[in-house]
Amino acid sequence: MLIVALCTLRIRWVTFVGSFVALALGVALLTATGLALAASLDAPDRAPERFAAAPVVVRGQDTLRVPSPSGERTEELARPRAVPDAVVARLERLGTVVADRSFPVRVRDGRGPGELVGHPWSTAAFAPYRIDAGRAPRAADEVVVTGGWAAPGERVRTDRGTLRVVGSAPGLGFEDAVFFTDARAAELAPGSVQLAVDAEASAVREAVRDAVRDAVPASAGVRVLTGDARRYADADPGRDDEALTALNALFGTAGGVAAFVSVFVVASTFAFSVAQRRREFGLLRTAGATPGQLRRTVIAEAALVGVLASGTGCVLGAYGAPPLVRLVVDAGLAPAWFTLGDHAWPFHLAFWTGLLVALCGVVAASWRAGRTAPVAALREAAVDAGAMTRGRWLAGLGLLLTALVTLALALADDPGDLLHRKTYVTRPMLLISAAALLAPVAMRPLTRLLTCLPARLPGATGLLVRENAAAGARRTAAVAAPVLVTVALTGSLLGAVATLDGAKAAEARERTTAAFVATAPAGTGLDAATVERLRAVPGARISPSASSAVYVLEDGTALIRSDARAVADPGALAATTRLPVSRGRVTGLDDHSIIVNEEWERHTVDQSVRVRLGDGTAKTLRIAAVMHTGTGDNGVYVTAANAAGAPVDRVDVALADGADADAVAAGLRAAVAASGGRVSSGAEWAAAASPGSPGTTRTGLFLVLGIALLYTGISVVSTMLTATSDRVRDLAVLRLAGATGGQVLRLVAVESLTVAGAGALLGLGVAGLGLAGMGAALGLLSVPAAPVVPWAAVGTVAGACAVLAVVASVVPAGLALRRRAAAAAGVRE
C-alpha cells in the first residue's frame with residue numbers, strides 16, 4: 001500500500017499540491033507564532049528607567065491587599081497613597097530625600113513630541129539625565145527639555161504657561177521629559193507618592209519597620225524598592241506585561257484559526273480526491289484490495305504529505321519568525337526590547353500539529369474510500385450520489401444543535417459573555433463547522449436560486465450551469481466550503497467588533513445629555529479655582545466629577561475592581577447624565593451610598609455592601625440605585641466624599657432655561673484656558689469617549705482573516721485544478737456538440753462564479769446568525785444598538801474568492817481546449 005501511495009502522489013501531484021502548500025504555510029505560521037509566544041512567556045523583566053541610578057525608591061501604598069478564605073487577593077489602587085510624613089521624617093535623618101512628581105505638559109503651537117512629561121529637576125540625576133547644552137532651571141518659567149526638539153534660548157507656549165528653555169539633555173528613549181524647578185513642579189503637581197532616598201537600603205527598610213512598630217498605620221503599605229524592583233516606580237510599570245498578554249492572545253488566535261482552516265482545506269481536498277478516484281478504487285477492489293487496504297492507502301498518502309509539509313513549514317517558520325517579531329514591534333504591539341529566544345518546543349508542537357491536522361482531515365475520506373465497491377469501476381455517470389453520508393449528517397446536525405443550544409443558554413444565563421473577545425472569536429467556529437459539513441445540502445438550492453434567472457434566458461449557458469452544479473455536489477461543496485469559511489469568519493469577527501464599537505458609541509450618546517463637557521488634560525485635573533470659574537459662567541449648571549475606583553470581594557474569593565465616577569452633586573448629575581438605571585433613583589445617591597450595576601453579586605436597592613475605595617479605605621455603603629449591565633463599562637457612581645484626593649477631571653454642563661449656547665461655550669472656554677482644559681459639545685465628547693476597539697484587536701483580526709483568505713485561495717485553486725483536469729472529456733464533448741471555445745470558457749467561468757457566490761451566501765448566513773445572537777444579547781442588556789454587518793469587508797473577501805475561483809477554472813480549461821476536441825473526448829478519427 002505504501003508503494004501505491006507513493007505512485008499516486010507521483011501521478012496525481014496536482015491533487016495534493018494544495019494540501020501540501022496549505023499545511024506547509026499553516027505549520028510555518030504555527031512555528032513562527034510559537035517561537036514568538038515562547039519568547040513572550042519567557043521575557044525578561046524590564047529594567048528600571050527613570051530611577052536606574054537611584055539608590056533606593058520609597059513608594060506609598062499602591063496595592064490593595066484583601067484577605068480571603070482562599071488566600072490574599074491584590075489589586076492596584078486607583079489612588080496610591082503618599083508616603084506618611086512620619087516615615088519621611090525618619091528617612092530625612094538617613095540622607096537626602098527627593099520627592100518625585102510627574103505631570104503632562106502640552107505644547108500649544110504644535111511643536112515638539114505629542115506627549116511631554118514634567119518632572120522636578122532634582123529627579124533628573126536618577127535616570128540619569130545629563131545636560132549637553134545650557135544649564136539647569138532656576139526660575140519658575142525656566143525648563144530643561146530632552147530629545148533636542150527645542151534649543152536653549154527658545155520660548156515655548158504650553159498649557160503650563162510660556163516657558164523659556166535654558167538647557168537640553170539627550171533623550172533616553174522611554175519618555176520626552178520637561179524639567180522644572182522643584183518649587184514650580186510642586187505647584188503643578190502637589191501630590192507625591194514616591195521618594196528617592198540617598199541612603200543604604202537596609203537602613204531605609206529599618207526606618208519603615210520602625211514606623212509600623214510605632215503605630216503609624218499608613219506606613220504598613222509603604223514599599224522599599226531596590227535593584228530591578230525600582231521599575232515599579234516608573235510610569236505604567238505594567239505596560240510591557242499588558243503588551244505581552246495581548247501578544248499571547250494575538251498569536252494564540254492566529255495559530256488556532258490556522259489549524260482550524262487547515263483542517264477544512266485538507267479535509268475538502270482529500271474528500272474531493274476520493275470522490276474523483278472512485279473508479280480507481282473500484283479497480284483496486286476488483287484486483288483484490290480490501291477496504292482496510294484502501295483506507296490505509298489514503299491515510300498513508302496524507303501521512304506522506306503531512307510529514308513533507310510539516311518539515312517544510314518548520315523551516316519556513318524559522319525564517320519567518322524574525323520578520324514577524326519586527327512587524328509587531330514596529331506596529332507598537334510589543335515592547336521595543338522584544339526579541340526571539342532559543343526555544344525548541346515550538347518546532348515540535350508545529351510539526352506534530354501539522355501531521356495531526358493532515359491525518360484528521362483525511363479520516364472521513366479514508367472511510368469513504370474503503371466503502372468503494374468493485375462495481376464502481378464500471379460506472380461512467382458524472383452525477384454525485386450520496387454526497388451526504390450518515391456520519392456527515394450526524395456530525396453536521398450535532399454541531400449545529402450544539403451551537404444553537406449553547407447560544408440559547410448564554411442568552412438565558414449570561415448575555416454579557418457573548419460580548420467578550422474570546423467568545424466572539426471562538427463561538428462562530430461551531431456554526432462554521434456545521435455549515436461546512438452540511439454544505440452539500442444547501443448548495444443545490446442556493447445554486448438553483450442563483451441560476452433561476454440565467455436559466456430562463458436564451459442560450460444554454462444558464463441551464464448547463466444549473467445542471468452541472470446540481471450534478472457535481474461534491475465538487476460544488478469542496479469549492480464552496482473554503483469560501484464559506486472565509487466569508488463567515490470575516491462577517492463574524494469584523495461584524496462583532498463593529499457591533500461592539502457601535503454599541504459602546506450608542507451607550508455614550510444615550511447617556512450624555514449635557515450640552516457641553518469640560519475636560520482636563522490627560523492625567524491631570526481641574527483645580528478648585530477653575531471649577532469655581534466654570535460655576536460662575538452665566539446660564540451654566542455644572543456637574544463636576546472625578547475618576548476613581550471601587551473594589552469589592554465577591555463570592556469571598558474574587559477581588560473585583562470597578563471604575564468609579566465621583567460626583568459632587570447627585571442632582572446635577574441627574575440633570576446632565578441619563579444613567580441606565582433599572583431600579584432606584586440617581587438623586588438617592590449620598591455620602592453613605594453607591595450606584596452599582598447588575599454585574600455586582602449584590603445589586604438590590606437599599607442593600608448594604610462592603611467595599612474598598614480608590615485609596616484602599618474600607619467602607620460599608622448602601623445601594624441607592626442599580627444600572628443595567630450594558631456592554632460592561634457602566635462602572636459605579638459615588639460621591640466626592642468617597643473619592644478623597646481624586647481631582648476633578650470632567651465637568652458636565654447643562655444649559656439653564658433661556659441661556660444662549662454660544663455665550664455659555666465662550667464662557668466655559670475662557671474659564672478653563674488657564675488650566676489647559678478643553679470644552680466640547682456633548683455629542684463631540686460622546687464620540688471621543690467611544691473611540692473603538694484597540695489597535696491590537698484589529699491587527700489580530702486582520703492577521704486571522706489574512707490567514708483564512710490565503711488558505712481559501714489555496715483550496716479553491718487546488719480544487720479547481722483537480723476538477724478541471726477531470727472534466728476535460730466533458731468540455732471536449734461540448735466542443736463536439738458545436739460550442740465554441742469562448743462559450744465553453746464562459747460556461748466554466750459562470751459555473752465557478754455561481755459556486756463561489758453560493759458559498760459566500762452561506763457564509764453570510766452563518767455570520768448573520770452569529771451577529772443576530774450578539775444583537776439579542778445587546779437587547780437583553782438594554783443596549784440601544786443593532787448588529788452591524790461589515791458589508792464592505794464581506795464584499796471584498798467574497799469578490800476575491802470569486803476571482804480566484806474563476807481564474808483557477810478558466811486557465812486550466814483554456815489549456816485543455818488547445819487539444820483537438822475528438823482526441824480529448826477519446827474519439828478515434
Side-chain angles (χ1 to χ4, degrees), residues 249 252-264 267 357 360 364 388 390-442 481 484-503 555 558 598-599 601 628-632 693 697 700-701 704-705 708 761-783 785-790 794:
T253 302
V257 171
F260 174 78
V261 180
S262 295
V263 170
F264 276 102
V357 164
C360 289
M388 288 296 297
R390 182 180 301 176
R392 188 162 187 167
W393 271 112
L394 291 175
L397 292 176
L399 286 173
L400 179 60
L401 183 62
T402 301
L404 295 178
V405 169
T406 55
L407 177 62
L409 291 176
L411 290 174
D413 181 52
D414 184 13
D417 182 61
L418 296 176
L419 308 183
H420 298 159
R421 185 174 67 175
K422 182 181 294 185
T423 302
Y424 68 68
V425 169
T426 58
R427 191 176 293 274
M429 303 304 181
L430 279 176
L431 284 173
I432 293 173
S433 302
L437 289 172
L438 299 174
V441 179
L484 181 160
V485 172
T486 306
V487 171
L489 279 176
T490 302
S492 298
L493 300 185
L494 295 184
V497 173
T499 298
L500 282 178
D501 290 346
D555 297 326
E598 292 174 342
E599 287 184 303
E601 181 184 16
H628 291 295
T629 301
T631 57
S693 300
T697 299
L701 293 182
V704 168
L705 295 177
L761 286 178
L762 189 55
L764 185 60
V766 171
L769 182 59
L771 293 176
M774 181 173 283
L778 292 173
L780 292 173
L781 295 170
S782 301
V783 178
V788 178
V789 179
V794 169

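Owing to the predicted nature of the structure, the values given are computational and were not obtained by experimental measurement. The residues of the chain are indexed from 1 along the displayed sequence. Excluded from the calculations below are hydrogen atoms, water molecules and symmetry mates; all remaining heavy atoms, backbone and side chain alike, are included.
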Subject >> Atom of T629, atom of E598 and distance for their closest heavy-atom approach >> reply: OG1-CB, 3.4 Å
**OP:** Kindly give the heavy-atom pair with the smallest separation between G773 and L418, and that separation in Å.
**Re:** O-CD1, 3.8 Å
Subject >> From I432 atom CD1 to L762 atom CG, the distance as rounded to the nearest 0.5 Å >> reply: 10.5 Å
Subject >> Closest approach of A785 to A503 (non-hydrogen atoms, all atoms of both residues) >> reply: CB-CA, 3.5 Å
**OP:** State, yes or no, whether a side-chain contact exists between V789 and L764 at a heavy-atom distance under 4.5 Å.
**Re:** yes
Original post:
From L489 CG over to L494 CG, what is the distance, rounded to the nearest 0.5 angstrom?
Top reply: 9.5 Å
Subject >> Interatomic distance, T406 atom OG1 to D413 atom CG [nearest 0.5 angstrom] >> reply: 12.5 Å
Subject >> Where T631 and L419 come nearest, the two heavy atoms and their spacing >> reply: CA-CD1, 4.0 Å
**OP:** For P790 and G491, work out which heavy atoms get closest and say how close.
**Re:** CD-O, 3.9 Å
Original post:
In Å, rounded to the nearest 0.5 Å, how long is the span from CG of L769 to CE of M774?
Top reply: 12.5 Å
Subject >> For the student: nearest non-hydrogen atoms of S433 and L399, plus distance >> reply: CB-CD1, 3.6 Å
Original post:
Are side-chain heavy atoms of L397 and L401 found at a separation under 4.5 Å?
Top reply: no
**OP:** Any chance you could lay out the side-chain contact (heavy atoms from CB on, under 4.5 Å) test for L430 and L407, step after step, and finish with the verdict?
**Re:** CA-CA 11 Å; L430 279 176; L407 177 62; over 6 Å; no
